[in-house]
Amino acid sequence: MNFRRIVALAHKEWREILRDRLFFTLAFVVPASLMLIFGYGLTLDVEHIPFAVVDQDKTAMSRDYLHRFIDSRYFNYQGEVPSERELAPLLADSRIRLAIVVPPRFQENLMAGRAVAVQTLIDGTFPFRTASSKGYVVAINAAFNNELMGHYISRRLGVSVPSAMALVQPVAGQLRYLYNQEMKSVWTIAPVIMMFVLMITPPFLTALGVVREKENGSIYNIYASTVTRGEFLIGKLTPYVGISVVNFLILWLMATGLFGAPFKGDPLFFFLASVIYVTCTTGVGLLVSLFVRTQVAAMMLTVIVTIVPSVLYSGLLVPIASMEPAGQFEAHLFPAMYYTDLVLGSFLKGVGLEQLWGKVLALLLYSIALWATSFFMFHKRPRS
C-alpha cells in the first residue's frame with residue numbers, strides 16, 4: 001500500500017469533481033435541499049384541524065362546551081352552520097375535517113342529570129389524522145364531563161368543587177413527557193432526515209464517480225497501471241467520504257439552527273459515529289458501482305438499495321417495534337436503523353457511547369463487510 005499513490009489518486013479525483021461543476025454543485029446542494037424539503041414538508045403534528053359546529057341548543061352550557069374546541073390550538077374554527085345538511089358538502093370538499101352537532105335541550109338534560117349524545121363527524125380519509133382528531137375530541141369531552149360531574153356533586157353534597165372533583169377522579173394520572181417535552185415532531189423528524197439524506201447521497205456520488213470511469217474509458221488507465229486494488233479504492237473514494245462528512249456538518253447545523261432540534265449528546269462521539277456511517281453508505285455506492293456499467297443503471301440500482309430501506313426499515317415513519325417479526329428482522333439488516341437510534345439518542349436523549357456502542361459496532365462491521373466485499377469483487381482485469 002503506497003500512501004503517495006493514494007494521495008495522488010485522491011487529488012486526481014478531487015480535481016475531476018471540481019471540473020464537473022454540475023456534479024460538484026449537486027454534491028452539496030442536493031443534501032441541503034432534501035433537508036429543507038422534508039424538514040418543512042414532513043410533519044406528524046396534527047394541529048389546526050378545520051371544523052364547524054351545529055348548535056341546536058344555543059345555551060350558555062352548549063357555548064361553553066363548543067368553546068373548549070374553539071379555544072384549542074388543535075382545532076381551527078370555521079364557523080357555525082344552521083343545519084346538519086350543510087355539513088356533508090363541507091366535509092366532501094375538505095373545507096372542514098371535523099363537525100360537531102350539539103342536540104336540542106343540551107343544557108336542560110345535563111342539568112337534570114340525563115346523558116346527552118353529541119355527534120362528532122370526522123373525515124376518515126387519512127387514518128393517522130383521523131385517530132389523532134378522535135383522541136382530541138375524546139380528551140376534551142372527558143374533561144368537560146369531569147368538570148360537569150364535579151359541579152353536580154358539589155351542589156348535591158354541599159362540598160367545594162375541588163373536593164367533588166376528587167370524588168369523581170379518586171386517582172388522577174399525571175403525564176410527563178421525557179426527551180421531547182414540547183411534543184414537536186420536527187425535533188424528531190429533522191435529525192432522522194439526516195439519516196435519510198446521508199443514506200442516499202453518498203452512494204449516489206460514489207456510484208456515479210466510479211461508473212463514470214467505466215463509461216469514459218479512463219478505468220483502463222487504472223487496469224494498465226501498477227496501482228493496486230486497495231490503493232485505487234481508497235484514493236478514489238476518499239474525496240466522496242470527505243464530501244459526505246462536510247454534508248453531515250451542514251445537515252447538523254440545519255437541524256439544530258434552522259429547525260431548532262435540541263442536541264444533548266456528545267458532539268465528538270456523534271461526529272465519529274457519523275463518519276463511520278457515511279463510510280458505510282459510501283461502501284454501498286462502491287458495491288453498486290461494481291455491478292453496473294452505466295450511470296443510469298447506477299442511479300436506478302442505488303435508488304432501490306438506499307431509499308426503500310431508509311424509509312421503510314429505519315423507524316422514519318413506522319417504529320421498528322410496531323413491525324411484524326419479519327419486518328423487524330429485515331430492519332436489522334440495514335444500517336439506517338442503527339444510525340436512526342444513534343441520531344435520536346444523541347439529539348433528544350443525550351446518551352453516548354455507554355448506551356449506543358452496540359449501534360456503532362454494527363455500523364463499523366457493516367462498513368468493513370461492504371469494503372471487504374468490494375475489494376474482493378474489484379478486478380484490475382475486467383471480466384468478459
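All values below come from the heavy atoms of this structure, side chains included, with hydrogens, waters and symmetry mates left out. Remember, it's a predicted structure, so these values are computed and weren't measured experimentally.
- Nearest heavy atoms, Val246 versus Phe28: CG1-CE2, 3.7 Å.
- Relative ring orientation between Phe69 and Phe51 is described as tilted, the plane-to-plane angle lying within the 30° to 60° band.
- Atom CZ of Arg114 has more than 12 neighbouring heavy atoms from other residues, nucleotides or ligands inside a 6.0 Å radius.
- The number of heavy atoms from other shown groups lying within 6.0 Å of CZ (Arg15) does not exceed 12.
- Put simply, the side chain of Tyr240 never gets that close to the backbone of Pro203: no donor and acceptor are under 3.5 Å apart.
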Where do Tyr313 and Thr340 land on the side-chain contact (heavy atoms from CB on, under 4.5 Å) test, with the steps shown first?
CA-CA 10 Å; Tyr313 298 106; Thr340 299; over 6 Å; no

Could you go through the side-chain contact (heavy atoms from CB on, under 4.5 Å) check for Leu91 and Ile96 one step at a time?
CA-CA 5 Å; Leu91 289 167; Ile96 62 173; 3.7 Å; yes

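- The six-membered or imidazole ring of Phe270 lies near that of Phe248, with a centre-to-centre distance under 6.0 Å.
- For Lys12, the NZ atom counts as densely surrounded, since its 6.0 Å shell holds more than 12 non-hydrogen atoms of other residues, nucleotides or ligands.
- Using modelled atom types, one finds no donor on one side chain facing an acceptor on the other under 3.5 Å when comparing Tyr277 with Ser244.
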Would Tyr339 and Ser274 count as a side chain to side chain donor-acceptor pair (under 3.5 Å) here? Give the steps.
CA-CA 8 Å; Tyr339 190 67; Ser274 299; 2.7 Å; yes

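- No side-chain donor from either of Asp71 and Tyr77 sits under 3.5 Å from a side-chain acceptor of the other.
- Checked by atom type and distance alone, the side chain of Ser72 never pairs as donor or acceptor with a backbone atom of Arg68 at under 3.5 Å.
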Could you walk me through whether Leu342 and Leu363 pass side-chain contact (heavy atoms from CB on, under 4.5 Å), step by step?
CA-CA 10 Å; Leu342 281 166; Leu363 291 176; 3.5 Å; yes

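- In the displayed structure, Met299 atom CE is contacted under 6.0 Å by at most 12 heavy atoms of other residues, nucleotides or ligands.
- In summary, the aromatic rings of Phe259 and Tyr40 are positioned with their centroids under 6.0 Å apart.
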Leu9/Thr238 under side-chain contact (heavy atoms from CB on, under 4.5 Å): CA gap, chis, key distance, verdict
CA-CA 9 Å; Leu9 285 168; Thr238 296; over 6 Å; no

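- Around CZ of Phe375, the count of heavy atoms belonging to other residues, nucleotides or ligands within 6.0 Å exceeds 12.
- Asp341 contributes no side-chain N or O that, together with a main-chain N or O of Leu356, makes up a donor-acceptor pair within less than 3.5 Å.
- In this structure, the ring of Phe106 has its center less than 6.0 angstrom from the ring center of Tyr65.
- Each of Phe347, Phe269, Phe271, Trp187 was compared with Phe263 under the ring pair (Phe, Tyr, Trp, His ring centres under 6.0 Å) criterion, and only Phe347 meets it.
- In this structure, Asn109 contributes its side chain and Arg105 its backbone to a donor-acceptor pair below 3.5 Å.
- The backbone N or O of Ala336 sits nowhere less than 3.5 Å from a side-chain atom of Ser314 that would complete a donor-acceptor pair.
- Using a 4.5 Å heavy-atom threshold, the side chains of Gln355 and Lys349 count as separate.
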